Amino acid sequence: EPEVTQTPSHQVTQMGQEVILRCVPISNHLYFYWYRQILGQKVEFLVSFYNNEISEKSEIFDDQFSVERPDGSNFTLKIRSTKLEDSAMYFCASSDYRGGPGEQYFGPGTRLTVT
Amino acid sequence: GENVEQHPSTLSVQEGDSAVIKCTYSDSASNYFPWYKQELGKGPQLIIDIRSNVGEKKDQRIAVTLNKTAKHFSLHITETQPEDSAVYFCAASLTDSWGKLQFGAGTQVVVTP
């Protein structure tokens with residue numbers, strides 16, 4: 001069964017450093033998403049991406065964040081200068097087209113720890 | 001924006017009993033309501049969803065009901081088994097909003113043998 005994959009599973013970085021989180025969505029999907037989950041809190045929407053551009057983003061997704069689909073298979077989230085409060089589990093998701101976004105399938109997540 | 005409330009935060013049931021988790025949403029325009037199961041160390045797994053044009057949907061031991069007037073929806077798990085132990089999240093979305101999901105806070109379900 002096709003699945004969303006994410007690397008690395010755990011990333012430790014120092015405050016102020018740049019990190020890139022990587023995702024490989026399900027191959028025939030057209031919509032891509034990043035969510036995050038701070039320990040003990042809700043899963044929060046960060047950004048959606050369709051047709052090679054951001055379609056929607058949340059207030060959390062400020063200028064420190066960017067997304068890219070550098071090739072036909074990868075989808076990345078970059079945080080330019082990490083802060084302590086960026087420590088969280090980051091989930092990538094993808095969905096196909098059903099006249100609009102279909103069901104979203106999530107990857108296993110990358111745990112980001114900022115020290 | 002949309003706000004999703006979920007209750008209870010924890011639910012302990014004996015194996016074989018039923019479990020019910022309830023969610024309310026604030027935006028009457030929301031029209032897609034998925035449920036996700038999250039096991040320790042894993043990502044959320046879609047287990048069932050419902051769209052606003054139906055009131056109930058069932059898949060084996062899992063069912064979801066939707067009351068659009070009251071703006072609430074519920075997950076029902078019958079004949080619970082130890083492998084049903086996990087955190088369950090409800091979510092709501094407006095399909096015209098590029099699929100952005102607003103999640104509830106989650107319910108920790110523990111099924112005791």
Side-chain angles (χ1 to χ4, degrees), chain A residues 1-7 9-10 21 23 25-26 29-51 53-61 67 88-111, chain B residues 1-10 21 23-27 29-54 57 59 62 64 75 86-108:
Chain A
E1 185 175 320
E3 57 183 20
V4 177
T5 59
Q6 289 184 244
T7 54
S9 57
H10 191 190
L21 309 183
C23 168
I26 294 172
H29 283 187
L30 300 176
Y31 296 85
F32 312 112
Y33 310 86
W34 284 101
Y35 292 82
R36 79 172 187 190
Q37 185 178 30
I38 294 171
L39 190 63
Q41 296 186 23
K42 290 186 180 187
V43 177
E44 301 173 288
F45 169 81
L46 292 178
V47 66
S48 58
F49 191 87
Y50 171 72
N51 201 25
E53 60 182 24
I54 289 173
S55 44
E56 190 170 5
K57 59 184 180 180
S58 72
E59 292 173 354
I60 303 166
F61 195 89
V67 290
M89 196 76 168
Y90 288 80
F91 293 108
C92 172
S94 70
S95 68
D96 62 4
Y97 181 79
R98 304 274 178 97
E103 295 85 0
Q104 290 183 36
Y105 294 90
F106 282 70
T110 292
R111 180 169 299 284
Chain B
E2 175 64 276
N3 183 47
V4 178
E5 300 287 338
Q6 183 171 348
H7 301 278
S9 56
T10 58
I21 304 169
C23 288
T24 60
Y25 60 98
S26 61
D27 189 346
S30 290
N31 53 9
Y32 175 62
F33 307 93
W35 285 88
Y36 287 85
K37 176 183 180 182
Q38 187 177 28
E39 295 172 319
L40 200 61
K42 297 186 178 180
Q45 177 195 2
L46 179 67
I47 55 172
I48 196 167
D49 58 11
I50 192 166
R51 297 184 188 270
S52 60
N53 56 346
V54 298
K57 184 175 177 181
D59 183 4
I62 293 172
V64 56
L75 178 72
V87 179
Y88 291 80
F89 292 97
C90 63
S93 171
L94 176 61
T95 53
D96 290 343
S97 72
W98 302 101
K100 167 185 170 182
L101 292 175
Q102 294 282 10
F103 281 84
T107 297
Q108 174 77 60

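This is a predicted model, so every value here is computed, not measured.
For Phe49(A), no part sits under 4.5 Å from any heavy atom of chain B, backbone or side chain. Residue Gln37(A) touches chain B through its side chain alone, counting heavy-atom pairs closer than 4.5 Å.
From Tyr35(A), atom OH reaches atom CG of Leu101(B) across 3.5 Å, with rounding to the nearest 0.5 Å. We find the CD-NZ distance between Glu44(A) and Lys100(B) to be 11.0 Å, quoted to the nearest 0.5 Å.
Applying the salt bridge (Lys or Arg N to Asp or Glu O under 4.0 Å) test to Glu39(B) and every residue at least two apart in sequence or in another chain returns Lys37(B), Lys42(B). With sequence neighbours left out, Lys42(A) forms a salt bridge (Lys or Arg N to Asp or Glu O under 4.0 Å) with no residue at all.
Phe91(A) approaches Gln38(B) most closely through the heavy-atom pair CZ-NE2, 3.4 Å. What you find for Tyr32(B) and Glu103(A) is that their closest heavy atoms are OH-CG, 3.4 Å.
Contact count against chain A (heavy-atom pairs under 4.5 Å) is highest for Pro44(B) among Ala105(B), Gly41(B), Pro44(B).
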